[in-house]
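Remarks on the structure that follows.
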Amino acid sequence: MKKAVAGAIALSLAVLTMAGCGSNGNNGSHAGEASSAAPTGSNAGEASSAAPAGSKADDMSDKIKIEIMAASWTGGGWPDNNHPIIQYIDKKFNVDLQIQWVPNANFVEKMNVVSASGKMPDVIRLDPTMFQKWVGQGVFLDLQPYLSDYPTLKNVATPESWALLNPEGKTYAIPIYETPQNNTYVRSDWMDKLGIPMPSPDEFTIDKFYEIAKAFTTQDPDGDGKQDTFGFSALGNSLQLGDPQLIAAFGLANGWKEENGKLVPVETQAAEWTSFLTFMNKAYKEGVLDKDFITNANFNEKYAQGKVGFALDMHYQFSQTTNAQLQAVAPGGKFVELSPPAGANGERGTRTPTSGMTKVVLSKDMDDEKRDRILKMFDWWVSPEGEDIIKNGIEGVQYEKAADGSYQMTDALKAEGEGRQSLLWNWVLRGNTNTFNIYKWSAPEWAKGMEQSIVNAQKYPWKNASDGYLSASQTYTDKGAELDEKFLQTVLQIISGKKPVSSINDAIAEWKQNGGDKIIEEVNAAYQAGK
Amino acid sequence: MMTHGYWRRALPVYLMILPGLLYFIVFKYIPMFGVSIAFMDYSPFKGIGGSEWIGWDQFRRLFSEGDFWLLLRNTLVLNLLDALIFFPAPILVALLLNEARVKWFKGAVQTILYAPNFISWVVIVGITLQLFATGSGAINNLLESWGYDRIELMTDPHYFRWVWLLQNIWQGSGWGAIIFLAALSAVDPALYEAAEMDGASRLRQLRHITLPALSGAIVILFILRMGHIMDLGFEHIFLLQNPMNQNVSEVFETFIYKIGLNQGDYSYSTAVGLFKSVIGLVMVLTVNKLAKRLGQEGVF
């Protein structure tokens with residue numbers, strides 16, 4: 001205990017010193033920061049009682065410009081900052097929201113450029129790798145002293161999520177709630193055509209998976225007389241190959257797993273890799289695995305083209321988009337949900353993200369007024385009232401109430417596309433329920449299906465045991481990506497038959513020797529210390 | 001002695017230089033000071049003034065990097081292929097076009113050949129992937145239906161260099177020919193007429209009139225090309241890169257992108273870039289000197 005307190009003081013001193021260095025260039029705001037950061041190290045209780053003075057003083061009479069940077073996904077962000085929902089928030093909180101949507105593929109690059117320029121946006125949504133990279137630089141605002149004034153926001157996550165990835169006693173970000181959503185799907189029309197009954201979860205083993213996938217490949221399920229279909233696809237750009245449910249069935253870890261009180265990385269699981277790669281190589285050779293998997297960047301196009309039998313995504317994607325696209329080329333085509341396949345020893349899993357790994361940070365370079373305004377806005381944002389606006393939009397603009405009391409989308413939103421109104425909810429900050437894609441006007445039947453699919457995805461958790469500890473490894477930060485790239489190269493070469501399966505042992509040895517051993521050591525040291 | 005009258009006449013001319021001069025000062029010379037971060041442990045939050053000087057450490061790291069020789073080899077091999085095979089291609093195109101006597105034909109061919117220059121690499125690589133994908137590519141489907149094996153053109157590392165080179169030639173040779181065609185249009189037609197009178201064949205005319213007329217342009221372009229011995233153009237290679245061909249496709253540009261922009265290791269990536277520039281400078285100076293010694297005009 002004594003040690004922890006001393007550590008916390010030392011750390012906050014270090015952060016203070018860094019803060020001092022960092023803001024020398026920014027005239028003016030320095031004094032405000034020092035006074036707001038100082039109480040944290042000594043006593044958190046004092047700090048929270050000192051803070052309200054600031055927030056009460058804000059009568060929202062000044063218009064404040066708030067810059068938010070977040071990643072955008074399929075469809076991109078809103079074209080400008082005049083969206084009705086933004087205007088609503090602007091008016092309600094007397095702010096000028098400037099949202100910068102950065103396509104997710106370029107986000108890391110953009111973040112590095114923005115930070116190199118020394119001018120951070122006020123609010124940024126970050127993935128864990130980037131959060132860990134920057135959190136030690138003293139550029140984010142510690143929210144700890146102010147949170148108790150914003151109870152709704154505080155209750156959006158568990159204390160563990162708030163603390164995750166943060167140095168002790170500090171809270172540098174608002175954690176994002178996450179749940180597994182992806183399930184395994186299969187073309188039900190192909191199953192019918194080939195007379196294969198739907199397997200129950202118990203029957204659906206990895207062998208059964210292969211048997212069905214092979215039938216899809218060889219028995220011409222699309223009936224065009226050509227052997228141009230395949231069982232499943234994969235991606236060549238990450239170690240999980242876009243097929244985490246297959247990796248899990250072979251007992252491989254989701255990054256790291258715990259074994260006898262120690263953390264073990266997936267890169268060292270020689271026996272599991274050997275059986276997994278034997279399986280994949282056979283699938284490649286027999287045409288069961290998509291021959292183009294190495295150059296695939298995403299699956300959706302493949303699914304919609306009607307050449308692949310198994311799929312992995314969320315219910316929303318299939319029920320709203322993919323099935324309709326598929327039916328345009330293959331009448332009657334439909335993907336339906338299955339459990340993940342079970343491996344030889346009964347292992348099965350759906351990749352389970354850890355809530356709080358994704359973060360929303362505030363920049364340290366802001367005055368108290370702006371800080372309070374942002375936190376006040378977010379406090380409302382995740383309240384039922386805020387959720388209604390931010391997720392569904394504004395009555396009369398995005399949706400209308402019919403005579404019978406039911407809701408329906410306006411033509412404008414229909415033209416724009418359902419879900420386009422909820423970008424702030426899904427891509428910036430959202431609450432902790434599983435109803436994020438269900439709207440006021442959603443058909444109850446469909447909404448039930450959505451919630452059920454999330455319940456199903458939660459049935460077979462497959463977590464990364466190193467979440468929260470990996471950041472402690474400097475070697476991982478410096479070389480982890482590079483080492484994995486080399487490892488992935490061997491994996492792909494083995495699957496495509498360029499190298500024998502046994503060469504995975506060389507890749508493992510190389511991974512360990514070039515820095516892996518050190519990563520294991522550093523991560524485990526953090527793990528033992530944090531237990 | 002510069003007189004008042006001289007300045008009166010010259011001042012407008014000097015003023016006209018000013019925008020160009022400012023451009024080079026502001027956008028080319030001032031940013032050069034940024035190179036100093038190659039000798040620092042640079043952190044954007046401390047700034048150039050606050051970051052720690054660490055001397056040659058970043059360069060030591062580069063030369064001891066396991067991948068350094070791989071990067072150097074790939075960069076040089078690709079550049080050598082480019083200089084030996086791609087560089088002469090536009091000259092050949094220009095010579096062939098020069099021999100075409102039907103005007104509309106020459107114009108049409110020229111337009112068709114240089115049109116690809118306006119297609120971006122994203123599109124070119126995208127089309128290539130569509131055509132040559134191992135499993136679904138049209139060409140591989142055709143090959144299989146004729147009873148041949150499928151070719152893993154995009155993922156087999158052996159093909160990478162040739163795919164890259166042929167795409168370069170397809171995209172760039174028509175455009176590159178323009179400068180040589182311009183040089184050829186300056187040749188006095190009387191020379192050809194005289195040669196014909198003397199009974200010189202087409203090939204002899206080519207050798208003794210056309211090629212000498214081009215040699216100045218060829219040498220200058222070659223010197224400039226040598227200055228880029230370490231440059232390959234990031235976009236094209238990056239788009240063609242995948243984990244399977246990385247051993248032959250990883251070059252300095254893609255490496256700098258990965259460590260600089262993706263990992264945010266600014267100092268190290270600047271050091272790599274600086275190393276590249278120094279080699280480029282040495283190459284330009286050497287080749288320039290060599291050209292002069294061989295009796296050609298250099299760049300400077």
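Note that the structure is a prediction, hence the values are computed from the model and not measured. Just so we're on the same page: letters track the sequence lines, and every chain starts at 1.
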Heavy atoms of other groups near [X] [atom1], more than 12 under 6.0 Å:
{"X": "Phe118(B)", "atom1": "CZ", "value": "yes"}
{"X": "Glu301(A)", "atom1": "CD", "value": "no"}
{"X": "Gln305(A)", "atom1": "CD", "value": "yes"}
{"X": "Lys258(B)", "atom1": "NZ", "value": "yes"}

How long is the straight-line distance from [atom2] of [Y] back to [atom1] of [X], given to the nearest 0.5 Å?
{"X": "Asn245(B)", "Y": "Gln489(A)", "atom1": "CG", "atom2": "CD", "result": "8.5 Å"}
{"X": "Asn112(A)", "Y": "Asp265(B)", "atom1": "CG", "atom2": "CG", "result": "10.0 Å"}
{"X": "Glu485(A)", "Y": "Gln246(B)", "atom1": "CD", "atom2": "CD", "result": "4.0 Å"}

Between [X] and chain B, with a heavy-atom cut-off of 4.5 Å, which part of the residue counts as in contact: side chain, backbone, both or neither?
{"X": "Val139(A)", "result": "side chain"}
{"X": "Phe487(A)", "result": "neither"}
{"X": "Asp228(A)", "result": "neither"}

Heavy-atom pairs under 4.5 Å with chain B, option from Lys133(A), Met120(A), Lys307(A) with the top count: Lys133(A)
- line: Residues Lys498(A) and Met244(B): closest non-hydrogen pair is CG-CE, 4.1 Å
- request: Can you see which heavy atom on Asp292(A) is nearest to which on Thr134(B), and at what distance?
  value: OD1-N, 2.9 Å
- request: Determine whether Lys486(A) and Asp67(B) make a side-chain contact, defined as any pair of heavy atoms from C-beta on separated by less than 4.5 Å.
  value: yes
statement: Ranked by heavy-atom pairs below 4.5 Å to chain A, first place among Tyr42(B), Tyr257(B), Tyr266(B) goes to Tyr266(B)
message: Would the distance check show the side chain of Asn242(B) and the main-chain N or O of Gly236(A) forming a donor-acceptor pair, the cut-off being under 3.5 Å?
response: no
field: Which portion of Ser136(B) sits near chain A, non-hydrogen atoms under 4.5 angstrom
entry: both
query: With a 4.5 angstrom heavy-atom cut-off, which part of Asn247(B) approaches chain A: side chain, backbone, both or neither?
result: both
